[in-house]
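Within every chain, numbering begins at 1; the chains are lettered A, B, ... in the order of the sequence lines, protein sequences first and strands thereafter.
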Number of protein chains: 2
Amino acid sequence: MDGYENPDAMEHFPGYVLRRTAHAMMAELAQRLAPLDLRISECAILMMLGQRGDLTSAEIGKVLDIQRANMAPMLKRMELAGLIARKPIDGRSMAIVLTKVGTARRALAHATLNAFEAELMSRIPARHRHHFMPALYALWKPAEPD
Amino acid sequence: MDGYENPDAMEHFPGYVLRRTAHAMMAELAQRLAPLDLRISECAILMMLGQRGDLTSAEIGKVLDIQRANMAPMLKRMELAGLIARKPIDGRSMAIVLTKVGTARRALAHATLNAFEAELMSRIPARHRHHFMPALYALWKPAEPD
DNA sequence: GTAAAATGCTATAGTCAATAGCTATTGGAG
DNA sequence: CTCCAATAGCTATTGACTATAGCATTTTAC
């Protein structure tokens with residue numbers, strides 16, 4: 001295989017290859033989400049809200065691993081874009097809910113993600129394909145049973 | 001499997017899982033390289049220079065996909081750290097070479113990378129393990145023969 | 001009622017990558 | 001040789017993302 005005789009001395013290292021691959025994929029996904037005026041993190045928030053529409057900022061951040069401080073400007077942007085609304089739960093916490101516009105945008109985003117997912121998997125040779133996600137899971141969440 | 005019933009609506013999407021996994025790995029690798037005062041990109045440069053010690057800034061950047069403009073401050077930092085030296089080739093281009101310190105640092109980095117690589121692969125269940133790198137290659141460099 | 005924790009937020013700084021633009025050198029065409 | 005395009009290295013700037021510290025309010029526990 002050609003790749004192993006490349007001048008790039010890092011091509012043997014899974015960590016490096018993982019980084020380069022992820023970067024390439026993220027760039028491509030970002031490009032596909034750009035027409036929807038969504039960044040990847042915002043898209044993830046929309047997807048979460050599509051499953052359960054009464055999440056708080058803290059709950060979203062916990063699942064997506066985004067810190068509270070960084071959720072604030074992101075949600076502000078999404079609110080200004082008319083995608084979400086805030087409903088007070090109690091004096092300190094707010095439920096984040098999808099607006100009508102947000103629900104529609106979420107459907108578009110979902111379609112985009114599905115298409116992207118299918119295309120990505122199709123690029124992996126069949127004999128490796130179904131091993132890919134389990135391998136990623138094992139690295140991402142080592143405690144998960146497999 | 002538990003992961004598939006998680007509140008994270010993105011866990012089915014390879015792009016997202018790839019991103020999260022890469023981020024987790026990069027954080028861990030960065031931590032391991034920190035004692036060597038090396039960032040991941042700098043480490044990659046050292047590894048390249050270990051294979052061929054007369055590369056120019058532009059050549060390195062081309063392989064590692066780092067733009068000329070972003071190579072400059074990086075090389076400056078490495079030069080100040082005493083890892084590399086610049087030798088003029090002609091009036092406009094400079095060969096980047098490892099110093100003695102840089103050569104020693106590269107050996108340490110290489111050992112760190114090897115240990116990390118082995119540990120990463122060991123985390124992947126055996127039946128998925130040898131499919132991982134080929135799958136990444138297929139995504140990263142779709143044109144590569146497989 | 002008071003102390004501790006939780007929630008949302010601002011402000012700030014650092015990393016990383018992308019773009020535009022500058023200077024100087026090289027190399028080829030006239 | 002002169003002119004001009006391409007190359008090489010660099011600065012400065014911007015934008016996205018992340019991490020930290022700190023503040024105000026509210027809830028919860030004792």
Student: Counting only side-chain N and O atoms of Arg39(A), is one of them less than 4.0 Å from OP1 or OP2 of dC17(D)?
Tutor: yes
Student: If only side-chain N and O atoms count, and only distance matters, is there a donor-acceptor pair under 3.5 Å linking Arg105(A) with Thr99(A)?
Tutor: no
Student: To the nearest Å, how far apart are Met71(B) CE and dC16(C) C1'?
Tutor: 14 Å
Student: Where the side chain of Thr56(A) is defined as all heavy atoms beyond and including C-beta, which of dC10(D), dC9(C), dG8(C) is the nearest nucleotide?
Tutor: dG8(C)
Student: Please state how far atom CZ in Arg77(A) lies from atom P in dA16(D), giving the value in whole angstrom units.
Tutor: 8 Å
Student: What is the distance, rounded to the nearest whole Å, between atom NE2 of His23(B) and atom C1' of dT15(C)?
Tutor: 11 Å
Student: Is Met10(B) reachable from Leu108(A) through a run of I, L, V, M, F, W or Y residues, each pair having side-chain heavy atoms under 4.5 Å apart?
Tutor: yes
Student: State which of dA16(D), dA17(C), dT26(C) makes the closest approach to the side chain of Asp90(B).
Tutor: dT26(C)
Student: From the list dT18(D), dG8(C), dA17(C), which nucleotide is the closest neighbour of the side chain of Ser41(B)?
Tutor: dA17(C)
Student: Picking from dA19(D), dG8(C), dA17(C), which would you name as closest to the side chain of Met94(A)?
Tutor: dG8(C)
Student: Provide, to the nearest angstrom, the distance between the NZ atom belonging to Lys62(B) and the P atom belonging to dT7(D).
Tutor: 10 Å
Student: Roughly how many Å is it from CD in Glu42(A) to C1' in dA16(D), rounded to a whole number?
Tutor: 11 Å
Student: Let me know, please, whether Gly91(A) or Ile66(A) comes out on the 5' side of the other along DNA chain D by nearest nucleotide.
Tutor: Ile66(A)
Student: Can you check the Asn70(A) CG to dT10(C) P distance for me, whole Å?
Tutor: 12 Å
Student: Is there a donor and acceptor pair, one atom on the side chain of Arg92(B) and one on the base of dG9(D), closer than 3.5 Å?
Tutor: no
Student: Does Met94(A) offer a backbone N or O that forms a donor-acceptor pair with the side chain of Arg86(A) under 3.5 Å?
Tutor: no
Student: Would you please confirm or rule out a distance under 4.0 Å between OP1 or OP2 of dT10(C) and any side-chain N or O of Lys76(A)?
Tutor: yes
Student: For residues Thr56(B) and Arg92(B), is any side-chain donor paired with an opposing acceptor at under 3.5 Å?
Tutor: no
Student: The side chain of Ala69(B) is closest to which nucleotide in this list: dT11(D), dA19(D), dG9(D)?
Tutor: dT11(D)
Student: For Arg19(A) and Ala95(A), take the nucleotide of DNA chain C holding the closest heavy atom to each; which residue's nucleotide lies nearer the 5' end?
Tutor: Ala95(A)
Student: May I ask you to decide whether Glu28(B) forms a salt bridge with Arg123(B), counting only side-chain N to carboxylate O separations under 4.0 Å?
Tutor: yes
Student: Atom CG of Leu64(B) to atom C1' of dA18(C): distance rounded to whole Å?
Tutor: 17 Å
Student: Ignoring backbone atoms, test whether Arg86(A) places a side-chain nitrogen or oxygen under 4.0 Å from the OP1 or OP2 oxygen of dC9(C).
Tutor: yes
Student: How close or far is atom P of dT13(D) from atom CD of Gln67(B), stated in whole angstroms?
Tutor: 18 Å
Student: Between dG8(C), dT26(C), dG9(D), which nucleotide gets closest to the side-chain atoms of Ser57(A)?
Tutor: dG8(C)
